[in-house]
Structure formats: structure tokens, C-alpha cells
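Just below is one structure, and these are the notes that go with it.
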Amino acid sequence: QKEVEQDPGPLSVPEGAIVSLNCTYSNSAFQYFMWYRQYSRKGPELLMYTYSSGNKEDGRFTAQVDKSSKYISLFIRDSQPSDSATYLCAVSERNTGNQFYFGTGTSLTVIP
Amino acid sequence: DSGVTQTPKHLITATGQRVTLRCSPRSGDLSVYWYQQSLDQGLQFLIQYYNGEERAKGNILERFSAQQFPDLHSELNLSSLELGDSALYFCASSVKARGEETQYFGPGTRLLVL
């Protein structure tokens, strides 16, 4: 079983829609949860970083962690064409000196 | 432009060969990470260095090795190359080594093993 599973999509939504991206993970020891955005032919960029359970909001982006069900989500409100990219979730056990595990990524297209 | 540079951009080589990928972190960043991204495996963390010392190890094969030099640039050495090693190799850097820090990714080196 992979450490983190992510629906690869592709996901296509109209501009302005609310987007929900999700991952599940297998090891309850994971405490740090990240979302990256990767544009085509570019390196990933960190969007959200959360510790333990709960929500974290940054502008149009909200990251949600439910440790009881080992489920993490990224919500994008008022989606824009510039949000079209691949979104990767990642998990780790510790904050430093740790192994990162990435989901395979969900491809998102926001249609104007 | 993230400030992280990687050379070469593209590399084509044959099975059994050895290659070296180079990464220069952003000015002031002490931590360097290496990742491999392939279509079937996705993005995989390979190894992390902090100020010249290995800090964390991921899914790095024994045929692969890395080091960080005193000037903080890093090299990833891939030997006895196999077809399955064809992938995009990213280097990233951050100021320290804490997970919540933004990692700045380079443009990647695309390796094709024939």
C-alpha cells in the first residue's frame, strides 16, 4: 500500500467554481501535511503546510486535515484559469530530517 | 525564476552509464533536497542535505549518491543507469531544514536513458 493516494483526475471545472482535491494516507504517524502546485514543465511550489488536524486558510485556498479518517483536502474557492495546474499532496512524520511522501498529483483545468 | 539552478537541462545517455546532475541553491539557503519525478511513480523524495551533511534519506537507490559541497552546491550521481531511471530530477533549496519552510525548486534536469 502506498503511503499516500491521490485521485489523478483530470479535473475540469468552470471559472468561479469551488474545487475540492483530496488525498488519503496510510500511516497514522504522519503529522505534517502539504499541498504543492506544479505548472507544466516547472518545479512544484508549496501552497499550504499544516500540522495535525484542522483547517488552514490562505486567501482562496483552504487545507483541511482529518486525522481520524486519514484524509486531507485542499479547497480552492472562486477558481481561476491561472489555477490550472497539477496539485500534489505530501505527508511526513516529522518537521525536520524527515522523509516526504507525495501523492501522484491531480491535474486541474479551470475553464474561462 | 526561483533562484535555484540546475545543470544540465537535458541529458541523454545509455544504460550502464554514469551521470552527474548539479544544483546550485538560492543564495543563503543551506538546505538542498533532491527529487525524482516520473510518470509512473510521481514525485519521490530522494535525499536532503543541510550545510554539507546528510539530513534525511528517502527512496534513493544504492546506485545513486549525492553530496553537498562547502560552497553549498550539490551533486547527484547516478550510476549503472537503467531505462527506468529516465525521469525529471528536481533540486530544491530552503534556508534551513524545517518542513514548513518553502522549498524553492529548480527547473529540473530531464534524464533520458536509452
Side-chain angles (χ1 to χ4, degrees), chain A residues 1-10 21 23-27 29-52 54 56 58 61 63 65 72 85-107, chain B residues 1-7 9-10 21 23-26 29-51 53-60 68 87-110:
Chain A
Q1 184 183 10
K2 292 194 73 171
E3 288 81 8
V4 59
E5 302 276 359
Q6 184 174 8
D7 185 341
L21 305 168
C23 290
T24 58
Y25 61 94
S26 58
N27 189 344
F30 293 134
Q31 297 191 76
Y32 297 89
F33 307 94
M34 293 140 279
W35 283 96
Y36 287 80
R37 177 175 63 195
Q38 185 175 20
Y39 291 112
S40 180
R41 298 185 175 276
K42 298 284 188 182
E45 55 179 319
L46 180 65
L47 274 179
M48 303 288 281
Y49 181 94
T50 54
Y51 168 67
S52 194
K56 184 174 182 179
D58 184 2
F61 298 89
V65 177
I72 58 176
T86 296
Y87 291 80
L88 302 108
C89 61
V91 298
S92 67
E93 285 187 43
R94 298 184 301 278
N95 195 30
T96 184
N98 61 79
Q99 159 77 301
F100 295 84
Y101 298 94
F102 286 83
T104 50
T106 299
S107 175
Chain B
D1 184 0
S2 67
V4 177
T5 60
Q6 288 186 252
T7 56
K9 282 188 177 179
H10 302 277
L21 311 184
C23 169
S24 293
R26 292 188 325 150
D29 284 0
L30 299 178
S31 191
V32 168
Y33 306 77
W34 285 99
Y35 296 88
Q36 178 194 59
Q37 188 171 40
S38 60
L39 284 174
D40 56 341
Q41 296 286 329
L43 188 65
Q44 292 201 82
F45 167 68
L46 296 178
I47 198 164
Q48 178 196 3
Y49 281 84
Y50 178 73
N51 204 19
E53 293 190 4
E54 182 183 305
R55 179 59 68 97
K57 212 166 193 176
N59 298 324
I60 188 165
Q68 186 179 27
L88 193 53
Y89 291 84
F90 285 108
C91 163
S93 73
S94 63
V95 176
K96 295 181 182 177
R98 296 185 63 79
E100 73 270 21
E101 288 186 289
T102 296
Q103 291 182 31
Y104 293 88
F105 280 75
T109 292
R110 190 170 294 276

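Letters A, B, ... are given to chains in the order of the sequence lines, protein chains preceding strands, and every chain is numbered from 1.
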Next on the checklist: Under 6.0 Å from the ring centre and within 45 degrees of the ring axis: does the NZ or CZ of A/Arg37 meet both conditions for the six-membered ring of A/Tyr87?
Outcome noted: no
Item to check | Which atoms of B/Tyr35 approach chain A - backbone, side chain, both or neither, heavy atom under 4.5 Å | outcome: side chain
Next on the checklist: Is B/Glu54 close to chain A through its backbone or its side chain, or both, or neither, when contacts mean heavy atoms under 4.5 Å?
Outcome noted: neither
Checklist entry - By a 4.5 Å heavy-atom criterion (distance strictly below it), what part of A/Gln38 contacts chain B: side chain, backbone, both, or neither? => result side chain
Next on the checklist: Is the ring pair B/Phe105/B/Phe90 parallel, tilted or perpendicular, if the boundaries are 30 and 60 degrees?
Outcome noted: perpendicular
Next on the checklist: What I want to check is whether the side chains of A/Tyr51 and A/Gln31 have a donor and an acceptor closer together than 3.5 Å.
Outcome noted: yes
Checklist entry - For the ring pair (Phe, Tyr, Trp, His ring centres under 6.0 Å) test, which of A/Tyr25, A/Phe33, A/Phe30 pairs with A/Tyr101? => result A/Phe30
